[in-house]
Amino acid sequence: MTHMSLQERDKKHLWHPLTQHKLHPETIAITKAKGCVLTDENGNNYIDAIASWYTCMYGHCNDYITSRVSTQMQQLDQVVFSGFTHEPAIKLSEALIKILPNNQNKIFFSDNGSTSVDVGIKMALQYHFNNGEKHNTLIAFEDGFHGDTFGAMSVSGLSVYNGPFEDYFLDVKRIPTPNGENHEAILKALQDIIANNKVAGFVYEPLVQGASAMKMHDASGLNSILQFCKENNVITVADEVMTGFGKTGKHFASFYMETKPDIMCLSKALTGGLLPMALTTCSQDIYDVFYSDDISKGLFHGHTYSANPLACTAALASIELLRSEDIQNNINAITASHQVFGNHIKNHPKVKSIRQMGIIFALDLNVEMQRYGNLRDKLFKFFMENGVFLRPLGNTIYIQAPYVITKEQLQKVYQVIEDALEIL
Ligand SMILES: *Cc1c(COP(=O)(O)O)cnc(C)c1O
């Protein structure tokens with residue numbers, strides 16, 4: 001077998017996520033990652049300009065995080081989290097409460113972003129159920145993405161992923177994202193929805209819709225939606241799986257709105273990309289409705305690896321890094337650098353528009369492209385051949401690089417994007 005490349009051996013047994021293997025048989029075997037650089041089995045280096053789906057924000061194999069986790073590994077690896085507790089989970093909860101919006105007070109563990117959304121949905125549904133009411137309708141934004149489990153798929157609006165399963169979805173009504181002009185129309189739509197349905201909750205990605213190609217919306221419009229939900233007993237569930245932990249320029253996107261969510265979903269950058277973990281946090285008011293002498297009013301949801309001590313340790317180290325002066329300075333520097341690049345590139349004839357929030361930068365190309373079409377593949381290949389890992393979504397190219405990316409690396413990312421405009 002040694003004569004075969006990893007790329008060849010992969011084809012025998014592996015089935016990759018979000019992949020039509022007949023059309024895309026080739027995978028790239030990565031053998032090493034350090035800082036912002038991925039290395040493949042042939043020794044090629046790639047700048048990871050999307051931080052491996054926005055997880056490794058402090059750089060790959062970050063020494064501070066890995067050394068903390070390797071110390072923890074000698075002490076306590078895994079234990080059941082029903083009926084047991086441990087210091088890494090407790091310390092993590094204390095660190096999180098310091099940076100979350102101050103209405104958040106309880107933290108529930110799971111192990112991926114989709115599940116954290118499912119837990120949020122279950123909390124919202126059971127909140128009403130425990131109060132003796134059956135509320136079965138959810139509200140969500142058009143074109144949102146919340147993950148691939150059934151609850152998360154139901155509230156997502158990107159149908160490319162969901163076609164075969166739609167008949168089994170939860171009842172979801174959709175509203176457009178606020179754009180600064182459709183404010184009245186959205187509130188009217190919300191009024192109609194709550195007049196005609198028993199609404200349990202509103203699930204939303206605050207300010208930036210990640211998988212929907214970093215589509216951005218208006219904070220004051222979102223704030224009035226949240227306000228309306230509060231006034232009408234609709235539980236608000238902020239999916240900050242993508243926006244959380246500094247990406248938008250604040251620790252959480254929810255800080256841009258005056259009205260805070262009842263429930264928050266977190267994952268992706270939580271552990272700095274080292275280990276899979278997710279959280280659903282909630283206010284004391286939500287928790288109190290589950291706190292009862294009646295056992296059936298509890299939240300009967302749990303995963304084997306809930307609050308894994310190693311993942312908790314990675315998350316704790318990541319939060320310490322996030323709060324450090326170095327990382328905060330880097331976030332400001334990347335934000336400023338994107339602004340300069342944006343101003344430079346926005347009038348290029350192949351560029352339709354640009355948008356930015358914090359370290360999230362997106363550019364729409366002035367060409368029609370399918371989400372997974374040939375032109376998209378051509379762009380991806382061009383980027384990789386030039387040593388930069390970017391993953392265009394339809395006609396959008398976006399950057400969400402680790403906070404530790406160097407000036408030179410960032411300039412290379414910009415240059416490759418600019419050069420790519422010439423091959424279109
Ligand atoms: C990635 C993502 C999810 C799903 O997280 P997984 O860990 O991939 O299950 C949910 N919501 C948002 C906003 C995401 O970006």
Side-chain angles (χ1 to χ4, degrees), residues 16-19 48 50-57 108-124 138 140-162 165 169-170 172 174 177 201-217 222 236-248 251-254 256 261 263-281 301 303 305-306 308 311 314-315 318 357-362 371 391 393-394 396 398-401:
H16 289 265
L18 304 172
T19 302
D48 186 356
I50 64 163
S52 289
W53 272 338
Y54 2 115
T55 55
C56 308
M57 299 311 291
F108 190 92
F109 286 92
S110 60
D111 44 34
N112 64 82
S114 309
T115 305
S116 74
V117 173
D118 271 34
V119 171
I121 291 171
K122 285 170 87 169
M123 282 180 181
L138 296 164
F141 279 141
E142 289 162 0
D143 297 332
F145 175 76
H146 299 284
D148 293 337
T149 52
F150 268 85
M153 271 198 296
S154 300
V155 284
S156 298
L158 291 172
S159 55
V160 261
Y161 300 140
N162 296 341
F165 316 111
F169 284 0
L170 303 170
V172 177
R174 286 181 205 288
T177 47
F202 168 51
V203 183
Y204 63 102
E205 290 164 276
L207 302 182
V208 189
Q209 294 179 298
S212 179
M214 306 297 150
K215 214 173 126 197
M216 297 178 188
H217 57 261
L222 177 56
T236 51
V237 183
D239 176 355
E240 293 227 28
V241 169
M242 193 281 288
T243 50
F245 302 102
K247 319 263 180 62
T248 63
H251 287 342
F252 299 97
S254 290
Y256 287 94
I263 294 171
M264 290 174 71
C265 309
L266 308 171
S267 185
K268 293 214 164 102
L270 170 64
T271 65
L274 194 70
L275 289 161
M277 189 164 75
L279 303 169
T280 309
T281 70
H301 186 108
H303 295 285
Y305 282 97
S306 291
N308 170 263
S318 297
M357 186 161 201
I359 64 103
I360 305 168
F361 178 90
R371 194 174 172 85
R391 227 171 164 271
L393 287 166
T396 303
Y398 72 92
I399 309 171
Q400 221 184 115

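First listed ligand is number 1; within each ligand, the first listed atom is number 1. For this chain, numbers begin at 1 and follow the sequence in order.
A donor and an acceptor atom, one from each side chain of Asp148 and Ser114, are nowhere located under 3.5 Å apart. Looking only at atom types and distance, the side chain of Thr115 has a donor-acceptor partner in the side chain of Asn112 under 3.5 Å away. Judged purely by distance below 3.5 Å, without hydrogens or angles, the side chains of Glu240 and Ser254 pair a donor atom with an acceptor atom.
More than 12 heavy-atom neighbours from other residues, nucleotides or ligands sit within 6.0 angstrom of CZ on Phe150.
Of all the heavy atoms in Val155 and Ala140, the pair that sits closest is O-CB, 3.4 Å. A pairwise comparison of heavy atoms in Val208 and Glu205 identifies O-CB, 3.6 Å as the closest pair.
Close contacts of ligand 1 with Phe145, meaning ligand atoms under 4.0 Å from a residue heavy atom, involve 2 (C), 3 (C), 11 (N), 12 (C), 13 (C). Of all atoms in ligand 1, numbered sequentially from 1 with element shown, those under 4.0 Å from a heavy atom of Glu205 are 13 (C).
Distance from atom 10 (C) of ligand 1 to its nearest protein heavy atom, with residue and atom name: His146 O, 3.1 Å. Scanning all protein heavy atoms for the shortest distance to atom 2 (C) of ligand 1 gives Lys268 NZ, 2.6 Å. The nearest protein atom to atom 5 (O) of ligand 1, hydrogens excluded, is given as Gly113 CA, 3.2 Å; this is a heavy-atom distance. The protein atom (non-hydrogen) at minimum distance from atom 11 (N) of ligand 1 is Asp239 OD2, 2.7 Å. For atom 9 (O) of ligand 1, the closest heavy atom belonging to the protein is Ser114 OG, 2.5 Å.
Residue contacts with ligand 1 for Asn112 involve both N, CA, C or O and side-chain atoms from C-beta outward (heavy atoms, distance under 4.0 Å).
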